[in-house]
2 protein chains.
Amino acid sequence: MNGDDDFDLQDFLPYLLNQAAEESSLAFQQIYKDRYGMLRTEWRVLFHLGLYGRMTAREIGRMSKMHKTKISRAVAKLAERRFLTRRRDVDDRRLEYLELTAAGQRAYRDLRGVAMAYDANLAAQFSPRDVATLKRMLQALAGGAE
Amino acid sequence: MNGDDDFDLQDFLPYLLNQAAEESSLAFQQIYKDRYGMLRTEWRVLFHLGLYGRMTAREIGRMSKMHKTKISRAVAKLAERRFLTRRRDVDDRRLEYLELTAAGQRAYRDLRGVAMAYDANLAAQFSPRDVATLKRMLQALAGGAE
DNA sequence: TGTTAACGGTTGTTTTTGTAACTAACAAGG
DNA sequence: CCTTGTTAGTTACAAAAACAACCGTTAACA
């Protein structure tokens, strides 16, 4: 309609990635929200602790690239719901070790199962080879300037 | 660290897509924010109008999957900055046709140029073939239940 | 026609996020 | 020791998003 070069929003990677990300996480989001009243940030912290065991907020931040304020608030909510415990490092009292409680682990394992099935289902519409390509490329794009 | 099946956050598509989307749009976001003080919603509306010409808020909503309140507010801001004009449909007075002004078109063309260069730069790290595969898959994932 | 429902769009209110400033603790150099 | 700087994490406040209720208009149909 306009004095165009050829440009299409559907080909613009940041837009396309956003659309795909939003659409593909919609139903999963619904599950952890309905089942545990969690936010995306909380779900992410839960998964980091479930997957990697005890770690500090700082480490979660480095791995997930979430801002520390988001993590702080997510941790506060998870602690309040008794999904994790906090323990100060005795040598460096700025550090706080976070660890899932039994209840937290149950929630994690439950959602991990959901996530695995969910992911398999998303991938099922493509060839395994293409899925591998997709994930490799996404990892490269997510890596940023590293 | 935990009683795991093999599961990796870096392989979970909704997470991975989100990370890639966020990282890949960071620098672009900076540009339209710095240059025109726009929000993502405003940028999107601008691009829809620039790309497809005159359309209503409802049509933008259908194409972009943005919620109508977001669109309404984005349109209000763009109108206030004289980037678009609104005109009621005489036959159905609920409808309002939106159209870019000359200033709006200039902003659109400027940002479209930035976007094209930006996208090319992102794609440059992969083979053209892989980029094609990626975009095709993202479009499928973004398509949702259609 | 009159009534009810649906639609396009806006507004108000609540949640959630982003940003900056802050506290408490440690580290390094003088 | 005592500044000065840095770090881990929290808090306060502003910006933005989500959600629901709303207005005016059109559609459906008794």
Side-chain angles (χ1 to χ4, degrees), chain A residues 18-19 21-23 25-27 29-30 32-34 36-46 48-49 54-81 84-99, chain B residues 18-19 21-23 25-27 29-30 32-34 36-46 48-49 54-81 84-99:
Chain A
N18 231 307
Q19 298 278 107
E22 213 151 289
E23 181 62 39
S25 62
L26 216 68
Q29 184 166 65
Q30 209 51 50
Y32 62 70
K33 188 183 152 202
D34 288 353
Y36 299 99
M38 279 188 196
L39 254 31
R40 198 167 62 213
T41 50
E42 294 160 34
W43 165 83
R44 284 187 182 184
V45 167
L46 183 83
H48 275 83
L49 292 172
R54 193 182 70 168
M55 56 199 300
T56 67
R58 179 177 175 278
E59 290 170 320
I60 296 175
R62 233 183 337 92
M63 299 194 64
S64 68
K65 291 179 181 161
M66 279 191 279
H67 191 83
K68 59 183 184 170
T69 61
K70 269 190 186 175
I71 297 172
S72 175
R73 293 198 253 246
V75 165
K77 263 212 180 136
L78 290 171
E80 182 188 308
R81 287 169 201 181
L84 62 76
T85 57
R86 331 165 77 138
R87 211 179 70 225
R88 286 260 163 236
D89 184 337
V90 282
D91 292 329
D92 184 343
R93 305 217 338 275
R94 290 171 301 185
L95 297 178
E96 203 169 42
Y97 292 111
L98 307 170
E99 194 166 15
Chain B
N18 231 308
Q19 298 276 108
E22 213 152 290
E23 181 63 39
S25 61
L26 215 68
Q29 184 166 65
Q30 207 52 50
Y32 62 70
K33 189 182 152 202
D34 287 355
Y36 298 99
M38 280 188 196
L39 255 29
R40 197 166 65 212
T41 49
E42 293 159 36
W43 165 83
R44 285 188 183 182
V45 168
L46 183 83
H48 275 83
L49 293 173
R54 191 181 70 170
M55 54 198 301
T56 67
R58 178 178 175 278
E59 291 171 317
I60 296 176
R62 233 183 339 91
M63 299 195 63
S64 68
K65 291 179 181 162
M66 280 192 280
H67 191 83
K68 59 184 184 173
T69 61
K70 269 188 185 176
I71 296 172
S72 174
R73 284 172 167 131
V75 166
K77 263 212 181 135
L78 290 172
E80 181 188 310
R81 287 171 200 180
L84 61 77
T85 56
R86 331 165 78 140
R87 211 179 71 226
R88 286 260 163 237
D89 183 337
V90 281
D91 293 327
D92 184 343
R93 308 221 331 279
R94 291 171 300 183
L95 297 177
E96 204 169 42
Y97 292 110
L98 307 170
E99 194 164 16

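Fair warning: this is a prediction, and the values are worked out from it, not measured in the lab. Chain naming here is simple, since letters A, B, ... match the order of the sequence lines and numbering starts at 1 in each.
- For the pair B:Met66 and B:Ile71, the tightest heavy-atom approach, listed with the atom from each and the gap, is O-CD1, 3.7 Å.
- Rounded to whole Å, the distance from CD on B:Glu42 to P on D:dA15 is 14 Å.
- The nearest whole Å value for the distance from the NZ atom in B:Lys65 to the P atom in D:dA18 is 15 Å.
- Judged by distance alone, the side chain of A:Arg88 and the main-chain N or O of A:Arg94 form a donor-acceptor pair under 3.5 Å.
- Checked against C:dG9, D:dT25, D:dG9, the side chain of B:Arg94 finds its nearest nucleotide in D:dT25.
- When the side-chain hydrogen bond (donor to acceptor under 3.5 Å, both in side chains) test is applied to A:Arg93, no partner is found at least two apart in sequence or on another chain.
- Straight-line distance from the CD atom of A:Glu96 to the C1' atom of C:dT23: 14 Å, rounded to whole Å.
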Under 3.5 Å, which N/O atoms of the protein pair with N/O atoms of nucleotides 15-20 of chain C?
from	atom 1	to	atom 2	distance (Å)
C:dG18	OP2	A:Lys70	NZ	3.3
C:dG18	N7	A:Arg73	NH2	3.4
C:dG18	O6	A:Arg73	NH2	2.7

Take B:Arg81 and B:Glu42 through the salt bridge (charged side-chain N to carboxylate O under 4.0 Å, His left out) test and state the conclusion after the steps.
-> CA-CA 11 Å; B:Arg81 287 171 200 180; B:Glu42 293 159 36; 3.3 Å; yes
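- Nearer to the 5' terminus of DNA chain D, by closest-nucleotide assignment, is the contact made by A:Arg88 (compared with the other of A:Glu22 and A:Arg88).
- Exactly one residue among A:Leu78, A:Thr56, A:Val75 makes a side chain to side chain contact (heavy atoms under 4.5 Å, CB included) with A:Arg86. That residue is A:Val75.
- Per the geometry, NZ belonging to A:Lys68 stands 14 Å off P belonging to C:dC22, to the nearest Å.
- By the side-chain hydrogen bond (donor to acceptor under 3.5 Å, both in side chains) test, A:Asp91 pairs with no residue at all, sequence neighbours left out.
- Nucleotide C:dT10 holds its C1' atom 15 Å from the CD atom of B:Glu80, rounded to whole Å.
- The CH2-P distance, from B:Trp43 to D:dA17, rounds to 13 Å in whole Å.
- For the pair B:Ser64 and B:His48, the tightest heavy-atom approach, listed with the atom from each and the gap, is CB-CE1, 3.5 Å.
- D:dT7 atom P lies 17 Å from atom CG of A:Asp89, rounded to whole Å.
- Atom CG of B:Leu95 and atom P of D:dT26 are 9 Å apart (whole Å).
- For B:Arg86, whose side chain is taken as the heavy atoms from C-beta onward, the closest listed nucleotide among C:dA24, D:dT11, C:dT10 is C:dT10.
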